[in-house]
Amino acid sequence: MASLAAPRRRGRNPLAAEDFFAGWVFILPALIIIGGFILLPILIAAWTSLHNRNTIGNVNEFVGLDNYRHIFTANEDFRIALRNTAWFSAVVVPTQTAVGLILATLANRKIRGKTFFRTAFYFPSISSSVVISMIFLWLYQSNGLINFLLQKLGLPTPRPPWLANARGVFGLAFDAVGIGVPTWLEGPSVALVSIMMLNVWTTAGTMMVVFLAGLQDIPGDVYEAAALDGATRRRSFFDITVPLLRPVILFVVTLGLIGTFQVFDQIYVMSAGGPAKTTTTLVFLIYTEAFKSGRGLGYASALAIVLFAIIFVLFLIQRRFVGRTEER
Amino acid sequence: MQRRFLNRGLSRRGLIKGAATGAAVAALAPAGLGRLTAAAAQEPTTVRLVSPPSSPAETAALEALLEEFAAANPNIRVDYQAITSEYNTKLQTDLAAGSAADVFTVDSLVMPDLIAAEVMTPLDDYMAQAGFTAADYFPGLISAFQAGGRTYGLPKDFSTLAMFYDPQAFEAAGIAAPPATWDELRTAAQTLLDATGQPPIVYAPSLARYIAFLYAGGGRILSEDGSQVTINSPEAKTALDYFYGLYTDGLAATFTDVGAVWPGAAFATDTGSIVFEGNWLLPFLAENAPDKQFRVAEMPAGPAGKATMAFTVCYAINEASAVRDAAWTLVSYLTGPEGMAIWSDTSGLLPSRPALTQAYVDKYPDRSAFLAGGEYARPWQLGQGGEKFNLDADAELQALFSGQGSTEETLARLEEKANEDIRLGTAPVATPAT
């Protein structure tokens, strides 16, 4: 075999060299763009994170891992931001995935006005997040639409109003039944939960579109066979739709995880990290440290690398749990 | 006004106003620039100028002033750009990229950090040649832009905090004169509350407002020489108990409580009858509530007497500029006797030169309370790291106003944060402008 294969390979050598060259030429544009605008900045950020470098750039000294040491041992804001982001992700990712799946299942049915509903649900996702955030800013005001409707229904409204309320929702719930709780049991603030709701509302549409594509890949005869076997609609949803959608769910959860850990624009527009830092997320903290704290770009880069590591580890973990398609 | 937006809780207001200002600036710019270009002679030196104007009216006033400058200096062409949001961020990145303008404005709060970064040309030699001295300016203003015996910027103008009140509401409740002390303020607020059932005072739980009460109560954030954090003192507690007590006793509401974007908006819509704001509220009222009846009085005096804050920005020259001489010609015009006389007249902002105060009061007699405050105002400045401390302090005050912790705990946390954020011994720090 080897003696047969070797001369053939040698015989095709000039052509192979040409292919090799042509191949590189074809991927060169992508290589330059990915290398220059993604890979290189990541490497520069990693290198910068080992420096004490102010934003203006006249101070730039190598400090090794000092920035990382400070982040993990001395930066109270980092712990606050990590906690806020974890809450944000823990609430938003499952909710938007569930809502997206339900919407997709509904929009996949043969109902009248299907296209209208699909468009309506997807609309928030394609609108500018800044514009949507501004609209929600008005809705959440003390004299805004949400409070107006609550008052009409005779329900209590929060004081301070939604986005200015730093009280934790668990703390408030415990207060309602007359139990005082320590600060660490307070949970995410009313302001953060308000922004979570906005985020679920805008992102569920995107997830719906992805789920719709996944649903349409499931052959109809599987459902027919199940129906013949006497499966209820509920049973076929949980035992056919959900398992067959597993790769799509992995994709949606991964996108959701990355998106929620990188949330910035809604926070910047609606609450600027306040009140009392209860909506300061990791990316908002990176922005603050880079431009407002005087710690500068080296420190902010270190935070960005830490964020990257967190997302990466979380992705690996959830791939183990959600992505077990091969085993089935 | 950029300084009003330093309050991060209000930054979304900056965004809203920024969008509006941006549109207005875009509409104004072509006409203004065209006239500037026409006025310049052949082969002029171009000086780039950036600043964050507070309103379209301020941009228009500055462009008119630059036209006057162009007429007097045909060999210099000024290329003005208004930055309507995230000014400090943009300035830092432009300086880092080497693309910053030749002349830029710097807020007093961030000045110590920029002085430490050595990005501005000391103006002392220029000033000596042109016959300018520091004594030409209010000491409380120019001291904010000096360090190590050098002057890095000249104050463009300033605003002070004062008490805006609604004379009709006062009359209806039977209050004859505006409250001049803390006790009188409480009494007046109680009377107004009894008359209307609404909290009469609308304010912001922010350091930039509490600090005026802190000084009036005899407290300080840093010691006189700036070497020690002194915020956790009995005087500071008295001041915070008073400031926060207005809220807990129902005499005051925060602007978010009443659904306003900032306290000024609540005042404009008659939701509050007393607000503590600066003269930046005047153009806002003229634009949004032209029929609003209001008066302005000095901040009520506390146990330690009268106190207010001076919010100011300076014009500074980029150290890396290739046209520093021409840049100085521009700065000396804008902050000199002639230019500033026109500026304070057209913009309505307070002249930073005491020599011009009489002309200002003659033109704007109803604004004398702001200038009276200028006599004893302290600069809005907390040393290097002051911007970070301002953010952290606002967060602590917001937590207090959300019912978390006591005033003692808040002050202890402020002390901790000040020690962490502020680089001690990096004066200039707040001293009374006596």
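Each chain gets a letter, A, B and so on, in the order the sequences are listed, and its residues count up from 1. Keep in mind that what you see is a predicted model, and the values were worked out from it rather than measured.
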Trace of the ring-ring contact (aromatic ring centres under 6.0 Å, His included) decision for A:Trp47 with A:Phe62: CA-CA 9 Å; A:Trp47 180 241; A:Phe62 188 83; 5.7 Å; yes

Residue pairs passing the side-chain hydrogen bond (donor to acceptor under 3.5 Å, both in side chains) test where at least one lies in residues 110-122 of chain B, sequence neighbours excluded: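 Listed once each, the pairs are B:Thr121-B:Glu319.
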
Residues that A:Glu289 engages under side-chain hydrogen bond (donor to acceptor under 3.5 Å, both in side chains), provided they are two or more places apart: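 A:Glu289 satisfies side-chain hydrogen bond (donor to acceptor under 3.5 Å, both in side chains) with A:Asn75, A:Ser293, A:Arg295 once adjacent residues are dropped.
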
Greater than 12 external heavy atoms within 6.0 Å of A:Phe308's CZ: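 Not more than 12 within 6.0 Å, no.
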
Within 6.0 Å of CZ in B:Arg150, more than 12 heavy atoms from elsewhere: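 It does not: B:Arg150 CZ has 12 such atoms or fewer within range.
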
Any side-chain heavy-atom pair of B:Leu424 and B:Asn419 under 4.5 Å: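 Yes - at least one pair of side-chain heavy atoms lies under 4.5 Å apart.
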
When B:Ala117, B:Gly98, B:Gly386 are compared by non-hydrogen pairs under 4.5 Å with chain A, the top option: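 Highest number of pairs under 4.5 Å: B:Ala117.
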
A:Phe78: which of A:Phe72, A:Tyr299, A:Phe284 passes ring pair (Phe, Tyr, Trp, His ring centres under 6.0 Å):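 Of A:Phe72, A:Tyr299, A:Phe284, ring pair (Phe, Tyr, Trp, His ring centres under 6.0 Å) with A:Phe78 is met by A:Phe72 alone.
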
Aromatic ring pairing B:Trp262/B:Phe284, orientation class (parallel under 30°, perpendicular over 60°, tilted between):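 Correct class here is perpendicular.
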
Positions in residues 399-410 of chain B that reach chain A, provided some heavy atom is under 4.5 Å away: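 Expected list: B:Ala399, B:Phe401, B:Ser402, B:Gln404.
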
Part of residues 243-254 of chain B lying next to chain A, heavy-atom separation under 4.5 Å: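 At a heavy-atom separation under 4.5 Å, chain A is reached by B:Tyr247.
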
Ring centers of B:Trp380, B:Phe311 separated by less than 6.0 Å: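 Yes.
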
Main-chain N/O of A:Thr206 paired to A:Ser125 side chain as donor or acceptor, under 3.5 Å: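 Pair found, side chain donor or acceptor close to backbone of A:Thr206.
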
Portion of [X] that has a non-hydrogen atom of chain A nearer than 4.5 angstrom:
X        : value
B:Leu114 : side chain
B:Lys90  : neither
B:Ala97  : neither

For chain B, the option from A:Gln141, A:Glu186, A:Lys292 that forms the most heavy-atom pairs under 4.5 Å: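 Heavy-atom pair counts peak at A:Lys292.
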
